Participant: 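Before anything else, here's the structure in question.
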Amino acid sequence: MRLYTLLAAAKINLYLEIVGSRPDGFHELIMVMQSVSLCDRITVRSIGVDAIRVRCDHPLVPADETNLAYKAAALVSQRCPGMMAKLGGVEITIEKQIPVGAGLAGGSSNAAAVLVGLDLLWNLGLTQSELQELGAELGSDVPFCVSGGSVIATGRGEQLDPLPGIDSLHLVLAKYESEFVSTPWAYQTYRAQYGDTYLSDTQSWQERQSAVRSGAMVQAVAQRDTQALASHLCNDFEKVVLPAHPKTAALRETMAGLGGLGTLMSGSGPSVFTLVETAAEAETLADRLRSALPAPDLGVWTARFSSSGVQLES
Ligand code: ATP
């Protein structure tokens with residue numbers, strides 16, 4: 001086949017703790033990550049010329065070699081020399097549904113989809129862990145985006161331990177189009193304000209990981225206890241992002257006041273989500289949010305937890 005269409009799932013963080021500063025310059029993290037059904041649609045198609053082309057319908061997403069999807073194709077092409085000459089180059093079409101720069105791993109999910117798509121298009125036979133190793137070279141969230149589901153992620157986010165999935169939960173996601181948070185800024189600000197709380201050695205990091213693994217959030221996910229899960233939502237980035245982004249802080253407060261099981265900012269923000277038990281509750285809460293904050297630039301989406309990262313479109 002000369003064309004594959006894949007669905008690339010967004011992620012939310014149910015738990016995000018910044019533990020320390022690593023010698024490689026990244027932060028040491030402990031996260032509980034969850035795929036959700038909000039997806040971009042990625043098509044990879046063979047073209048007759050020896051080139052990588054990107055088409056994207058979103059004005060904020062570059063269609064050049066800085067696009068993470070392009071970088072993923074370039075990496076596979078570099079690691080599998082001769083494939084492009086033999087089978088032709090690739091045109092990548094990205095249909096965006098995941099809000100851009102939202103803390104939902106939109107770019108990372110697109111890169112993950114291109115890794116999976118090129119593996120199929122060029123018949124490379126790569127295993128999931130080989131795809132994830134390639135993904136780790138592109139970004140810390142890419143390995144998770146390949147496999148998706150519910151995981152504990154440690155290291156810089158690339159070391160993944162699957163958790164039993166909670167597919168039954170639904171959510172409302174919201175983001176102001178005009179609000180953006182730079183992830184490097186969020187880390188730098190966190191380091192400046194909370195660097196003195198960092199654990200400094202790998203033994204302390206491992207002890208902290210063990211404590212989180214046996215702690216309330218991970219146990220709640222493992223036992224599929226949705227009430228307990230929602231009451232232990234936690235994201236360290238909220239401490240620096242919300243004070244600097246009052247509009248997003250007000251959005252979070254409004255969403256938390258509308259009911260639901262629990263509300264949190266995802267990743268480095270500025271998207272905010274509220275968990276609910278059913279699709280009908282998600283629609284009702286989304287309508288109430290649109291009425292409470294009738295701003296034209298407020299994007300509101302409903303979704304559900306998903307056990308998939310990248311999936312072939314059926
Ligand atoms: P993360 O949660 O992994 O930190 P994010 O959801 O905050 O990511 P993205 O949507 O991935 O952020 O976009 C971050 C930046 O990356 C944007 O400024 C965008 O221009 C650029 N970018 C490059 N490639 C892509 C892509 N395929 N999709 C979206 N953004 C991309």
Side-chain angles (χ1 to χ4, degrees), residues 6-14 16 18 26-27 29 31-36 38-44 52-75 90-118 135-146 148 151 153 156-158 160 173-190 235-238 240-241 245 248 264-273 299 301 303 309-310:
L6 304 118
L7 299 175
K11 64 84 188 156
I12 55 171
N13 299 91
L14 302 173
L16 190 160
I18 301 173
F26 288 94
H27 278 83
L29 304 171
M31 301 187 283
V32 176
M33 300 171 88
Q34 174 65 51
S35 302
V36 298
L38 182 64
C39 287
D40 288 342
R41 194 164 174 266
I42 311 291
T43 302
V44 291
I52 300 166
R53 291 188 188 140
V54 175
R55 294 151 56 104
C56 182
D57 55 358
H58 196 292
L60 296 176
V61 177
D64 58 18
E65 66 285 351
T66 64
N67 193 300
L68 261 185
Y70 182 104
K71 290 184 183 176
L75 181 65
V90 59
E91 181 180 79
I92 302 161
T93 306
I94 304 172
E95 293 165 72
K96 274 270 161 209
Q97 296 290 330
I98 305 172
V100 175
L104 299 172
S108 301
S109 77
N110 295 178
V114 169
L115 295 178
V116 173
L118 273 188
E137 296 183 39
L138 296 161
S140 304
D141 286 346
V142 181
F144 170 74
C145 289
V146 170
V151 305
R156 58 187 173 92
E158 86 293 7
L160 308 176
L173 272 161
K175 176 191 178 286
Y176 283 109
E177 271 171 38
S178 53
E179 291 267 286
F180 289 97
V181 177
S182 147
T183 303
W185 170 88
Y187 276 116
Q188 278 158 23
T189 309
Y190 195 89
N235 181 353
D236 273 344
F237 276 126
E238 286 195 336
V240 293
V241 173
H245 291 267
T248 293
L264 193 72
M265 189 181 80
S266 184
S268 57
S271 64
V272 177
F273 64 85
W301 299 262
V310 176

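Count residues from 1 along the sequence. Start at 1 and go down the list; that is how both ligands and their atoms are numbered. Everything numeric in this text was worked out from a predicted model, so none of it was measured.
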Participant: May I ask you to decide if the ring planes of H27 and Y187 are parallel, tilted or perpendicular, using 30° and 60° as cut-offs?
Facilitator: parallel
Participant: Using modelled atom types only, decide if a donor and an acceptor are shared between the side chain of D40 and the backbone of I98 within a distance under 3.5 Å.
Facilitator: yes
Participant: Ligand 1 and G101, any nitrogen or oxygen pair closer than 3.5 angstrom?
Facilitator: yes
Participant: Applying a strict 4.0 Å limit to heavy atoms, is H58 in contact with ligand 1?
Facilitator: no
Participant: Write out the residue and atom name of the closest protein heavy atom to atom 5 (P) of ligand 1, then the distance separating them to 0.1 Å.
Facilitator: G103 N, 3.5 Å
Participant: Closer than 4.0 Å to some heavy atom of T183 - which atoms of ligand 1 meet that?
Facilitator: 4 (O)
Participant: Ignoring hydrogens and angles, tell me if any N or O in the side chain of K11 forms a donor-acceptor pair with the backbone of G103 under 3.5 Å.
Facilitator: yes
Participant: Looking at non-hydrogen atoms alone, which of A8, C56, A105, G157 comes nearest to atom 6 (O) of ligand 1?
Facilitator: A105
Participant: Kindly indicate whether atom 16 (O) of ligand 1 is approached by any protein heavy atom to under 4.0 angstrom.
Facilitator: no
Participant: Which ligand 1 atoms, with their elements, are less than 4.0 angstrom from a heavy-atom of V61?
Facilitator: 25 (C), 26 (C), 28 (N), 29 (C)
Participant: Considering the heavy atoms of S108, write down every atom of ligand 1 situated less than 4.0 Å from one of them.
Facilitator: 3 (O)
Participant: Just checking, any donor-acceptor pair under 3.5 angstrom between side chains of T183 and S268?
Facilitator: yes
Participant: Measure the distance from atom 24 (N) of ligand 1 to every protein heavy atom, then report the residue, atom name and distance (to 0.1 Å) of the closest one.
Facilitator: L68 N, 3.1 Å
Participant: N/O of K96 under 3.5 Å from N/O of ligand 1, yes or no?
Facilitator: yes
Participant: Is the shortest N/O to N/O distance between L60 and ligand 1 below 3.5 Å?
Facilitator: yes
Participant: So, regarding I94 and ligand 1 (criterion: nitrogen or oxygen to nitrogen or oxygen, under 3.5 Å), is there a contact or not?
Facilitator: no
Participant: Mark up the atoms of ligand 1 that fall under 4.0 Å of a heavy atom belonging to P62, in ascending order.
Facilitator: 20 (O)
Participant: Report, in ascending order of atom number, the atoms of ligand 1 lying under 4.0 Å from any heavy atom of N110.
Facilitator: 26 (C), 27 (N), 28 (N)
Participant: List the closest protein heavy-atom neighbour of atom 3 (O) of ligand 1: residue, atom name, distance to the nearest 0.1 Å.
Facilitator: D141 OD2, 3.0 Å
Participant: Donor-acceptor pair, distance only, cut-off 3.5 Å: does the side chain of D141 make one with the backbone of S108?
Facilitator: no
Participant: Does the S109 side chain pair with the main chain of A10, one donor and one acceptor, at a distance under 3.5 Å?
Facilitator: no
Participant: Applying the side chain to side chain donor-acceptor pair (under 3.5 Å) test to T248, which of E238, K175, E179 qualifies?
Facilitator: E179
Participant: For atom 18 (O) of ligand 1, find the nearest protein heavy atom and state the residue, atom name and distance (0.1 Å precision).
Facilitator: V100 CG1, 4.6 Å
Participant: Check whether any side-chain N or O of N67 sits under 3.5 Å from a backbone N or O of P62 as a donor-acceptor pair, and report yes or no.
Facilitator: yes
Participant: Could you find the nearest protein heavy atom to atom 11 (O) of ligand 1 and give me its residue, atom name and distance?
Facilitator: G107 N, 2.7 Å
Participant: Is the side chain of N110 donor-acceptor paired with the backbone N or O of I42 at a distance under 3.5 Å, no angle test?
Facilitator: no
Participant: Which value, rounded to the nearest 0.5 Å, describes the distance between R41 atom CZ and L6 atom CG?
Facilitator: 10.0 Å
Participant: Between D57 (side chain) and E95 (backbone), is there a donor-acceptor pair under 3.5 Å?
Facilitator: no
